[in-house]
Amino acid sequence: MDIQKEFAALSRGCKVFSKTVDVEGDYQESLPAFLDDIYRVVKCTSHSFVTSADISFNELKVFGKTEICVTYYNENSCLCYADFEEEFTKSFTLDNVSQDAVIRACASDKYTSFRVINQRRIDIHNIVSLHISVYEKSECEYISSLENSRLKTVAIESADIVRTHIDKIDFDEELTLPQDAKPIGRIISAFAYPSNIETKIIKDKMLLKASVNANLLYSADGDGSIEKTQYSFAVSKIIEIGGIEDDDIPVIDVQSGALFFKVKGSSNDKMTLVNLFGDIAVNLTFVRRSSADIVTDGYLIGASSECTYTEVSVNGTGNAVDEVRSVSVPLEFNGDINDIKELSLSLLAPVIKNGAINQTVCANALISNEDGLSTLSADKDFEITLPDAEDGIVATGIEDYDFTLSDSGRVDLRLSLRISAYTFSNNNISLLSDITPGEELNNSHTLTVYFGKKNENLWDIAKSYSSDEAEIIKENSLNSSVLDTERILIIPKA
């Protein structure tokens, strides 16, 4: 028995590779000639970010940069600052992945240690955690039309990752100390927290605006006291991203990239001007919602048939999240703290799990004691609830924070976190991939009596008798495709 079949294809984005791996770096850094010798290191930190990722000949390569910041005392007990920039690369072998695959690659700082070799050289060891996901477009065929049959059509909605993009936004700002601030002797620490504040997408382009909160710690000219100043400024960029549409939903991850400064004198010859320049790292992921009518089941009229199904996984449409959450986090430091001069923070890569964002904050406290400045470190895990979130893509950033020293060794941290995310459910769908006809049915009865059970589906009954669901509903004056009670049904011949 030959029957005419037509096929359609369900297109979706499939995750074909996912891995979290640690990348270790060992760097030997020598001080530039214009810097003083190292007498004692006060603080050594690093932060890393991804600069690009690509696939070529079944090899995925991720490129990134690490900025290393060192605060130290010279032999005259004056505080000094040095920074260094290094590059890192990590490769992965992938099978049967095209160069058009979508790559999401994020970095977070896990560990930094140092060893002073001599007065001019310091060795740095750090660990960067790389989180890699690769998505590939996949099509799965199903029967869309079949003569002399009944097909069950279901409407589905899905959310696919269609594009990623890694970029940077450069900045160059001249900042002035407040009028009542002491002039700068030496900068001894610098860090920045960027946060996205506005986005707009048109086809193949995206406008991204971000705010940058820059923090400078310096020793005052004259008395050497430790002073702190903070600046906020906005940056923006129109980014060319081929393949994105107006309705695509972005998940935006902005991090501090390179940060440099130069202290300059003002009109009264006091060092109160700071030229701050560098960039912020931008990591974008775009989600696209779509809908489709697919065929999940079928049968032939007047003949037996055997169905073949294909199981596929689809990201169900969920929720786009773009908000600021306030979180209180207690930090326990292993040491006595009487006076915190600076508290710098970093976030490990967040994960959505069981209706919550799982997040870790790492803190470095620059404290003052009898021997001068030193550093204590602490980290803390916490959760941010996202109701009904089974899975998703998420990025978090520090928008603002403050803290109080509650007792020796404990800091109560209050974080304002910018959350950019898209959450979705994991749906498994059965597609009708083929129907094989069997023997013709010899049924001369036009009507059949059937004893229906509560919660029984009329489609299954119609399929069993090679009838028609709509005709069963009409013949028995039903209002639903599922029986709400036991009852006798008349099954008409299709």
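Numbering of residues begins at 1 and proceeds along the displayed sequence.
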Determine whether a donor-acceptor pair (N or O, by modelled atom type, separation under 3.5 Å) exists between the side chain of [X] and the backbone of [Y].
X: Asp381; Y: Thr360; result: no
X: Gln230; Y: Ala214; result: no
X: Ser430; Y: Tyr309; result: no
X: Ser466; Y: Gly302; result: yes
X: Asn457; Y: Trp459; result: yes
X: Tyr422; Y: Phe286; result: no
X: Thr93; Y: Glu59; result: no

Taking atom [atom1] of [X] as the centre, does the number of heavy atoms from other residues, nucleotides or ligands within less than 6.0 Å exceed 12?
X: Asn96; atom1: CG; answer: no
X: Asn426; atom1: CG; answer: yes
X: Glu311; atom1: CD; answer: yes
X: Asn334; atom1: CG; answer: no
X: Lys200; atom1: NZ; answer: no
X: Lys152; atom1: NZ; answer: yes
X: Lys380; atom1: NZ; answer: no
X: Asp460; atom1: CG; answer: yes

Is it true that [Y] and [X] share a donor-acceptor pair across their side chains at a distance under 3.5 Å?
X: Asp109; Y: His47; value: no
X: Ser420; Y: Asp322; value: no
X: His131; Y: Thr20; value: yes
X: Glu390; Y: Thr423; value: no
X: Glu306; Y: Tyr299; value: no
X: Ser416; Y: Glu399; value: no
X: Thr164; Y: Arg104; value: no
X: Thr112; Y: Ser46; value: yes
X: Ser98; Y: Glu136; value: yes

Ignoring hydrogens, what is the shortest heavy-atom contact between [X] and [Y]? Give both atom names and the distance.
X: Leu348; Y: Ser108; result: CA-CB, 3.8 Å
X: Ile301; Y: Ser467; result: CD1-O, 3.7 Å
X: Glu471; Y: Pro492; result: CB-CG, 3.7 Å
X: Pro350; Y: Ile357; result: CB-CG2, 3.7 Å
X: Ser48; Y: Val128; result: OG-CG2, 3.1 Å
X: Asp83; Y: Leu259; result: OD2-O, 3.6 Å

Ion pair present between [X] and [Y], side-chain N to carboxylate O less than 4.0 angstrom?
X: Lys205; Y: Glu240; value: yes
X: Asp160; Y: Arg288; value: no
X: Asp468; Y: Arg150; value: yes
X: Arg410; Y: Asp412; value: yes
X: Glu323; Y: Arg325; value: yes

The test is side chain to side chain contact (heavy atoms under 4.5 Å, CB included); show your working for Ile491 and Val449 and say whether it passes. CA-CA 6 Å; Ile491 311 299; Val449 176; over 6 Å; no
With ring pair (Phe, Tyr, Trp, His ring centres under 6.0 Å) as the test, would you mind laying out the steps for Phe17 and Phe92 before giving the verdict? CA-CA 10 Å; Phe17 180 82; Phe92 304 88; 5.8 Å; yes
Rounded to the nearest 0.5 Å, what separation is found between the [atom1] atom of [X] and the [atom2] atom of [Y]?
X: Thr153; Y: Asp297; atom1: OG1; atom2: CG; value: 10.5 Å
X: Asn126; Y: Ile68; atom1: CG; atom2: CD1; value: 6.5 Å
X: Arg12; Y: Ile429; atom1: CZ; atom2: CD1; value: 9.0 Å
X: Phe63; Y: Thr89; atom1: CZ; atom2: OG1; value: 5.0 Å
X: Asp279; Y: Lys237; atom1: CG; atom2: NZ; value: 9.5 Å

Taking Glu245 as the fixed residue, which of Arg163, Lys203, Arg289 is the one that meets the salt bridge (charged side-chain N to carboxylate O under 4.0 Å, His left out) rule?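 Of the listed residues Arg163, Lys203, Arg289, the salt bridge (charged side-chain N to carboxylate O under 4.0 Å, His left out) partner of Glu245 is Lys203.
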Before giving the answer on side chain to side chain contact (heavy atoms under 4.5 Å, CB included), spell out for Ile202 and Ile244 the whole-Å C-alpha distance, their side-chain angles and the decisive distance to 0.1 Å. CA-CA 8 Å; Ile202 59 174; Ile244 62 171; over 6 Å; no
Please table the atom pairs, donor to acceptor, closer than 3.5 Å between any side-chain atom in residues 3-10 and protein atoms at least two apart or in another chain.
unit_1 : atom_1 : unit_2 : atom_2 : d
Lys5   : NZ     : Asp434 : OD1    : 2.6
Lys5   : NZ     : Ile435 : O      : 2.9

Side chains of residues 312-320: which donor-acceptor pairs under 3.5 Å do they make with residues two or more places apart or in other chains?
unit_1 : atom_1 : unit_2 : atom_2 : d
Asn315 : ND2    : Ala159 : O      : 3.4
Thr317 : OG1    : Glu157 : OE1    : 3.3

Gln359 and Leu347: CA distance, side-chain angles, deciding distance, side chain to side chain contact (heavy atoms under 4.5 Å, CB included) verdict: CA-CA 7 Å; Gln359 181 77 77; Leu347 299 173; 3.7 Å; yes
Ring centres under 6.0 angstrom apart (Phe191, Tyr193):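 Under 6.0 Å, so yes.
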Mind checking whether Tyr135 and Val162 have side chains closer than 4.5 Å, heavy atoms only?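 Tyr135 does not reach Val162 side chain to side chain.
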Apply side chain to side chain contact (heavy atoms under 4.5 Å, CB included) to the pair Leu447 and Lys493, showing each step before the final yes or no. CA-CA 6 Å; Leu447 295 174; Lys493 182 179 178 181; over 6 Å; no
